[in-house]
There are 2 protein chains.
Amino acid sequence: MDIHDHILKNVAKHISLSREEAAHFTSLLIYKEVPKKTTLLAEGHACNQLSYVHSGALRSYCLDKEGKESTIMFAVADWWLTDMYCFLNDKPAMMYIEAIEDSCILNLSRENFNNLFNAVPKFERFFRILLQNAYTREQLRTIENLTLTAEERYFRFINKYPQIASQVTQKQIASYLGITPEFLSAIRKKNVPRRAR
Amino acid sequence: MDIHDHILKNVAKHISLSREEAAHFTSLLIYKEVPKKTTLLAEGHACNQLSYVHSGALRSYCLDKEGKESTIMFAVADWWLTDMYCFLNDKPAMMYIEAIEDSCILNLSRENFNNLFNAVPKFERFFRILLQNAYTREQLRTIENLTLTAEERYFRFINKYPQIASQVTQKQIASYLGITPEFLSAIRKKNVPRRAR
DNA sequence: AAAAAATCTTAATATACCTTAAGACAGAAT
DNA sequence: ATTCTGTCTTAAGGTATATTAAGATTTTTT
């Protein structure tokens, strides 16, 4: 099976490509194997790539002035990830991206991304839909941050993303939820059924 | 000056339309004058319109199980607003939209929105860019919610959106920041220069 | 203009979550 | 296998923010 099969299926969810268009698209992708703990992007560096996760898992996060990490998002197989604002606007990255497992990714450079729309205008639709989904997902996260307790957010997270929850540490989940690992530990303890303790 | 001038300038920020394309686009818009306090959308109702604010100000918010309001976003002149998830996916609304000033809006129905892309494919690009901006803005809000104190978020908000801050009540700002009006009042008191008290 | 309703403020008390510190456990490196 | 490093847990004490309730102020309605 070709390495591009997965990403082409991902694209096919929203638009239909001819054989030539598909070939053109895949010709723009750079395949990379990245071992666990690799830093793919660091704050202040140029963010020139949009990454599709073929296998493994990536995480984006930022550091506040005291050096505390906040996880912005996780990307497991079949997800796209970058520092979107800096990728789109050609600004130095405001976040870090690291591999949290050995991963295989496909990179699309900003230059190829921008040219792609002229070469194959259908991709405007594809990325419009991708961004629609990203936006509504992020808005839901905002609403949940504003209205739910940490405990409620934790259980929503593990129910909504069981795959991700199984691939990341509790420390990383805590930093995604905006709480300390200690407090997450307390939440979990409180919710373990009696006899299992 | 034509009522459509503003919205056409908004579109022209990202794509160039021919006279005919512009005429087609504006023919799809429904102009509405809505008095302050009008509810344009209520939870559970069909969300069939994407609204462009020509003048005035709208606010979207949701209610939690105790009836507490959380402001999702404000839209002043030249902003777009809807319950995006429900508009795109034809689901009953999860939020409320109300006019917080006498406002003039232009509505684009879901049907016209979907057809527009076939009639004038350039709009794929326009809405892709709109959604890019909405997504990165929302992601920044998530990061600020995770990393900043209420006081820091308040001052960032009034510096970033002075126009909005001047048009809405403190209660509404508090519900956007995810704090109580009482606590916002305390933050403001603490930061008033001595002699002004 | 008066009355009513909503917002804003103040302050006391309460709570969700944080900080610190230490020990237990697990995975990675030697 | 052993050591090392990071993660997870526990618990005591602390802080940011919520809740409640009341009065002051502003806005809206009559």
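Chain naming here is simple, since letters A, B, ... match the order of the sequence lines and numbering starts at 1 in each. Values reported hereafter were calculated over all heavy atoms of this structure, with side chains retained and with hydrogens, waters and symmetry mates removed. Owing to the predicted nature of the structure, the values given are computational and were not obtained by experimental measurement.
Here C:dA6 presents its P atom at 13 Å from CD of B:E98, a figure rounded to the nearest Å. Rounded to whole Å, atom C1' of D:dT15 lies 12 Å from atom NZ of B:K190. Computed from coordinates, the B:D102 CG to D:dT28 P distance equals 10 Å when rounded to whole Å. Rounded to an integer number of Å, the gap from CD1 of A:I187 to P of C:dA16 is 11 Å. Distance B:N145 CG to C:dC17 P: 14 Å, rounded to the nearest Å. Going from atom CG of A:L148 over to atom P of C:dA16 covers 14 Å, rounded to whole Å. Per the geometry, CZ belonging to A:R153 stands 13 Å off P belonging to C:dA16, to the nearest Å. Rounded to an integer number of Å, the gap from A:E152 CD to C:dA16 C1' is 12 Å.
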Which protein N or O atoms sit under 3.5 Å from an N or O of nucleotides 18-24 of chain D?
unit_1, atom_1, unit_2, atom_2, d
D:dA18, OP1, B:G178, O, 3.3
D:dA18, OP2, B:T180, N, 3.1
D:dA18, OP2, B:T180, OG1, 3.4

Could I get a table of every N or O pair under 3.5 Å where one atom is in the protein and the other is in nucleotides 26-30 of chain C?
none

Between the protein and nucleotides 23-25 of chain C, are there any N/O to N/O pairs under 3.5 Å, and if so, what are the atom names and distances?
none

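Using a 4.0 Å cut-off between a side-chain N of Lys or Arg and a carboxylate O of Asp or Glu, A:K36 and A:E98 do not qualify as a salt bridge.
With sequence neighbours excluded, no residue forms a ring pair (Phe, Tyr, Trp, His ring centres under 6.0 Å) with B:F155. Applying the ring pair (Phe, Tyr, Trp, His ring centres under 6.0 Å) criterion to B:F157, with sequence neighbours excluded, gives B:Y161, B:Y176. Qualifying ring pair (Phe, Tyr, Trp, His ring centres under 6.0 Å) partners for A:F87, counting only residues two or more places apart in sequence or in other chains: A:F113. Residues satisfying the salt bridge (Lys or Arg N to Asp or Glu O under 4.0 Å) criterion with B:K37, sequence neighbours excluded, are absent altogether.
In terms of modelled atom types and a separation under 3.5 Å, the side chain of B:N89 and the main chain of B:K91 share no donor-acceptor contact. In this structure, B:T147 contributes its side chain and B:I143 its backbone to a donor-acceptor pair below 3.5 Å. With hydrogens and angles ignored, the 3.5 Å screen pairs no side-chain donor or acceptor of B:S16 with any backbone N or O of B:A12.
Among pairs with a residue in residues 126-136 of chain A, those fulfilling salt bridge (charged side-chain N to carboxylate O under 4.0 Å, His left out) read A:R128-B:E124, at least two apart in sequence or across chains. The stretch residues 107-118 of chain B participates, sequence neighbours left out, in these side chain to side chain donor-acceptor pair (under 3.5 Å) pairs: B:N48-B:R110, B:S51-B:N107, B:D90-B:R110, B:S109-B:N112. Identified under the salt bridge (charged side-chain N to carboxylate O under 4.0 Å, His left out) test for residues 155-165 of chain B, with sequence neighbours left out: B:E144-B:R156.
Scanning residues 160-176 of chain A for heavy-atom distances under 4.0 Å to DNA chain D yields A:T169, A:Q170, A:K171.
Side-chain rings of A:Y96 and A:Y61 approach one another, their centers coming within less than 6.0 Å. Aromatic pair A:F123/A:F25: ring centres closer than 6.0 Å.
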| side-chain contact (heavy atoms from CB on, under 4.5 Å) between A:I100 and A:Q172, worked out | CA-CA 10 Å; A:I100 55 180; A:Q172 289 164 348; 3.7 Å; yes
| query | Would A:R59 and A:E69 count as a salt bridge (charged side-chain N to carboxylate O under 4.0 Å, His left out) if you check the C-alpha gap in whole Å, the side-chain angles of each, and the deciding distance to 0.1 Å? | reply | CA-CA 11 Å; A:R59 178 176 78 106; A:E69 281 185 17; 2.8 Å; yes
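Donor-acceptor pairing under 3.5 Å is recorded for the side chains of A:N10 and A:D78.
Of the listed nucleotides (D:dT17, C:dT10, C:dC17), D:dT17 has the atom at the smallest distance from the side chain of B:T149.
In this structure, the helix from C:dA1-D:dT30 to C:dT30-D:dA1 shows an angle of 60° between the axis at its start and the axis at its end, each fitted on 5 base pairs and rounded to 10°.
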